[in-house]
Amino acid sequence: MEGEFAEVVQFLGTTAMFQLGLMQGPSGERIPTDMISARQTINMLEILERKTRGNLTAGEAKLLEEVLFELRMSFVELEKRAAKQSR
């Protein structure tokens with residue numbers, strides 16, 4: 001079961017990274033940033049975190065925490081860059 005949970009977290013994390021434009025497509029192409037979809041995917045992970053609190057193994061909880069931290073930091077950084085460019 002732990003492996004299945006990790007797969008879900010990693011899938012959503014990877015999806016958000018693509019949406020943030022931080023990963024290349026399968027052929028090495030640049031994928032355009034989609035901040036709205038990235039925010040929605042991060043929100044899904046946050047909901048997953050809230051709904052599973054107290055029911056995860058230490059490894060599952062740590063994975064989810066780390067993925068959310070990285071995504072949140074990346075999201076904020078990209079928002080800052082976009083704000084600077086729009087000035």
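Under 4.0 Å is where a charged nitrogen must lie from a carboxylate oxygen, and between K51 and E46 no such pair does. By the 4.0 Å N-to-carboxylate-O rule, E77 lies close enough to R81 to be salt-bridged with it.
In this structure, a donor-acceptor pair under 3.5 Å is present between the side chains of Q19 and T41.
Here CG of L45 is found 13.0 Å from CD of E65. Values are rounded to the nearest 0.5 Å. To the nearest 0.5 Å, the span separating NZ on K62 from CG on L64 amounts to 13.0 Å. Remark: F5 CZ to Q10 CD distance equals 10.5 Å, nearest 0.5 Å. Expressed to the nearest 0.5 Å, how far CG of L22 lies from CZ of F75 amounts to 11.5 Å. Remark: S37 OG to F18 CZ distance equals 14.0 Å, nearest 0.5 Å. Here CE of M17 is found 13.5 Å from CG of L12. Values are rounded to the nearest 0.5 Å.
Here the closest non-hydrogen pair linking P26 and E29 is CD-OE2, 3.6 Å. Nearest heavy atoms, A16 versus A38: O-CB, 4.3 Å.
Without hydrogens or angle criteria, E66 side chain to L63 main chain gives no donor-acceptor distance under 3.5 Å. Judged by distance alone, the side chain of T14 and the main-chain N or O of F11 form no donor-acceptor pair under 3.5 Å. Side-chain atoms of T52 never come within 3.5 Å of backbone atoms of N55 as a donor-acceptor pair (strictly under, hydrogens ignored).
Counting heavy atoms from C-beta on, the side chains of M23 and I31 never come closer than 4.5 Å. With a 4.5 Å cut-off on side-chain heavy atoms, M35 and E79 count as touching. Between L20 and L71, some side-chain heavy-atom pair lies under the 4.5 Å cut-off. The shortest distance between side-chain heavy atoms of L48 and V8 falls below 4.5 Å. When side chains are defined from C-beta on, N43 counts as touching R39, because their heavy atoms get closer than 4.5 Å.
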